[in-house]
Amino acid sequence: MKVITAKTAGFCFGVHRAVKLCQRAAEQGGRCFTLGPLIHNTSVTDALLAQGIGQIDSAQEAMPGDTVIIRSHGISKAEREILQARGANIVDATCPDVAKIHKIVSEESLAGRKIIIIGRSDHPEVTAIAGWCDDYVVFQDAAALETWLKSDKTIPDLPLSIVFQTTSSRKNFELSVNSAKKLCTNLKIFDTICDSTCKRQQEAIALSGQADAMIVIGGRHSANSIRLAEICREYCPRVYFIETADELDPGVFHASDTVGITAGASTPAWIIKEVNTKMSEEIKNTVSEEPEEAVESFEEMLEKSIKTLHTGDKVTGTVVAITSTEVSVDLGTKQSGFIPASEFTDDSGAKLEDVVKIGDEIESFVMRVNDVEGTVMLSKKRLDAIKNWEELDKLREEKEAVEGTVTSINKGGVMVNVKGIQVFVPASLTGVPKGEDLNTLLKTKVKLHITEINQSRRRVIGSMKAVAAEERRAKVEAIWNEIEIGKVYTGVVRSMTSYGAFVDIGGVDGMIHVSEVSWMRIRQPSDVLSIGDQIEVYVIDFDKEKKKISLGYKKAEDNPWTKFMNAYSIGDVADVKVVKLMPFGAFAEIVPGVDGLIHISQIADYRINQPGEVLAEGQQVQAKITDIDEENHKVSLSIRALLNEQKEMAAQTFVEDTEPVEEDAVEEASTEAE
């Protein structure tokens, strides 16, 4: 006999959280109570009582200073207000999924909408939900809802909002939604069924379909445990609903080859372990007591070797032949298996011989059995899809990014093929700015997070924006960890003001002050830069606490003063351009970015009253560099000094030309003439 325990059996997140909160409250000491049973499991409530956590049945029983723990099913708004008024210390262990429903019905009720609650009217979760809205009705199933909607012609036109008890079945959800959508004109639907409940129910369906008998462990009043037992009975003829291992008689399973075990969300791990241990011990005892088997006949062994395959089975075989249209697989049965090319891979361009080799062991899914021809049609693609669903769900839980290809664009967003599964990414979660064309994403590879999976409805929702935000956070963290003064980054100009430009250097914005944009005189950064420019910048200063970075753009090698000093010295003559006239002189550009002052006394070699008598802005003149103040970057120029030099040179030339000829030279010249 084989015993299989469901992976999802036992405490869900909400119950586990509630029990932990109780244990912490008990450690604090003082009078401590739960308002009603924390969960529907007497073993758990007895264990809590042993730790000093009692139970009160109404909020009025609380005394000032008492610690009162709100159970996972939640309480009504009125009960919470009573606890506060009585001075109780409230520990809220309400399941987060239930608290979300409270918020929904409260907001919808305030908006003037009538609330429809689908669930058991006597269940504490449902009564708590009802306590957060004014106008509501409760129905156990879709049939009761439809009857009410048809009872009065005015009802379907009312503003109606539907919520569901977290332990409702997915089937009841779909039937209720279909009925309401057909009849109502002003309807809002909230899918409030717990995700872990759906998983537990789906695994129960799969397990009870292959088991000869099922054991369902849970409290007698636990709605989700009762529902699990009902689901298992639909697929398995023998279902045993127990609360503890003491209620189990392993002897009733002697005729079973496979026994499945599942448990409700309020069942603690120790009870599941006790049941499992009891079953395991029974298996050992049964094996040790069995008599030695007789030697099997050849006919009996032959009969055992012939496996019977059914549609939906998962099988493993060996590749024995490959053609362009199919892969032949030896399954070790009387039938021969084959996988059509279309059922092997989603890649229509791939060659089968490139992706699989003879002798490879391969898992596949039985699609059709033909006993007449002795063949079994298999699908690797379908089995891969099942595995991929499981993998996507795991990636969703672990919040890991996955890569896919954008296959189509629709009105609401884009469809991305991820491991053969179509994932819908709403436009708001693509990262493409509102109003821009989504078609730019078509056929591109993208990364995304899986945010929601509903396998029964074949719906998967993802977010590319979440991955981008995650990558941006990682880049930001890396920048702040590695930043240092002088470090060079390549960034993009994102915005500009009159006093500076903001540059994205990889998720973090730094500012280039206008004085650091250019060595030249500019009025504003836009004189040099444009939004979208990709530029190299360097860190001048930063403040990690205030998250501020000062950047520089102008390069040291482009410093006009450095260029000037390399090209000129005191006494050199430069061709300069008059850029501004002042009462005390004129400023002239020597090289771009470096101006020199020609004092009014140095403009001419005669007295003038103002510079404009001799010079004009824009005029090109020659001037002599008479002084350089390296510390303050100032240069003194003089046209007068240059004019005086020119006069002296002219006078010197004239003297040389008119100098008297010596007498000997004259006599020599006369003799040569004769």
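Computed from a predicted structure; not experimentally measured.
Between the side chain of T267 and the backbone N or O of A263 there is no donor-acceptor pair closer than 3.5 Å. Between the side chain of N178 and the backbone N or O of E174 there is at least one donor-acceptor pair closer than 3.5 Å. Judged by distance alone, with hydrogens and angles left aside, the side-chain atoms of K77 form no donor-acceptor pair with the main-chain N or O of H102 at under 3.5 Å. Using a distance-only test at 3.5 Å, with no hydrogens or angles considered, no donor-acceptor pair links the side chain of E471 to the main chain of A468. Between the side chain of S176 and the backbone N or O of N172 there is at least one donor-acceptor pair closer than 3.5 Å.
Qualifying salt bridge (Lys or Arg N to Asp or Glu O under 4.0 Å) partners for E108, counting only residues two or more places apart in sequence or in other chains: R113, K188. Residues satisfying the salt bridge (Lys or Arg N to Asp or Glu O under 4.0 Å) criterion with R396, sequence neighbours excluded, are D195, D393. Under the side chain to side chain contact (heavy atoms under 4.5 Å, CB included) criterion, V177 pairs with F164, F173, K181, I189, not counting sequence neighbours. With sequence neighbours excluded, the residues that form a side-chain hydrogen bond (donor to acceptor under 3.5 Å, both in side chains) with H449 are E470. For T34, there are no side-chain hydrogen bond (donor to acceptor under 3.5 Å, both in side chains) partners at least two apart in sequence or on another chain. Judged as a side-chain hydrogen bond (donor to acceptor under 3.5 Å, both in side chains), and not counting sequence neighbours, the contacts of T5 are N276. By the side-chain hydrogen bond (donor to acceptor under 3.5 Å, both in side chains) test, S518 is found to be paired with no residue, residues two or more places apart in sequence or in another chain being considered. Remark: F564 pairs with W561, Y568 by the ring pair (Phe, Tyr, Trp, His ring centres under 6.0 Å) rule, at least two apart or across chains.
A salt bridge (Lys or Arg N to Asp or Glu O under 4.0 Å) check over residues 499-513, counting only residues at least two apart or in different chains, returns the pairs R494-D504. For residues 428-444, the pairs satisfying side-chain hydrogen bond (donor to acceptor under 3.5 Å, both in side chains) are D437-N439, with sequence neighbours left out. Within the structure, the salt bridge (Lys or Arg N to Asp or Glu O under 4.0 Å) test picks out no pair touching residues 526-550 (sequence neighbours left out).
Under 3.5 Å, the side chains of E125 and T166 contain a donor-acceptor pair of N or O atoms.
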Which pairs of donor and acceptor atoms, one on a side chain in residues 403-412, lie under 3.5 Å apart (sequence neighbours left out)?
from	atom 1	to	atom 2	distance (Å)
T407	OG1	M415	O	3.3
T407	OG1	Q422	OE1	3.1
N410	OD1	G412	N	3.0
N410	OD1	G413	N	2.8

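The nearest pair of heavy atoms linking M496 to A501 is CG-CB, 3.7 Å. Nearest heavy atom pair, residue V537 against residue L551, reads CG2-CD1, 3.9 Å.
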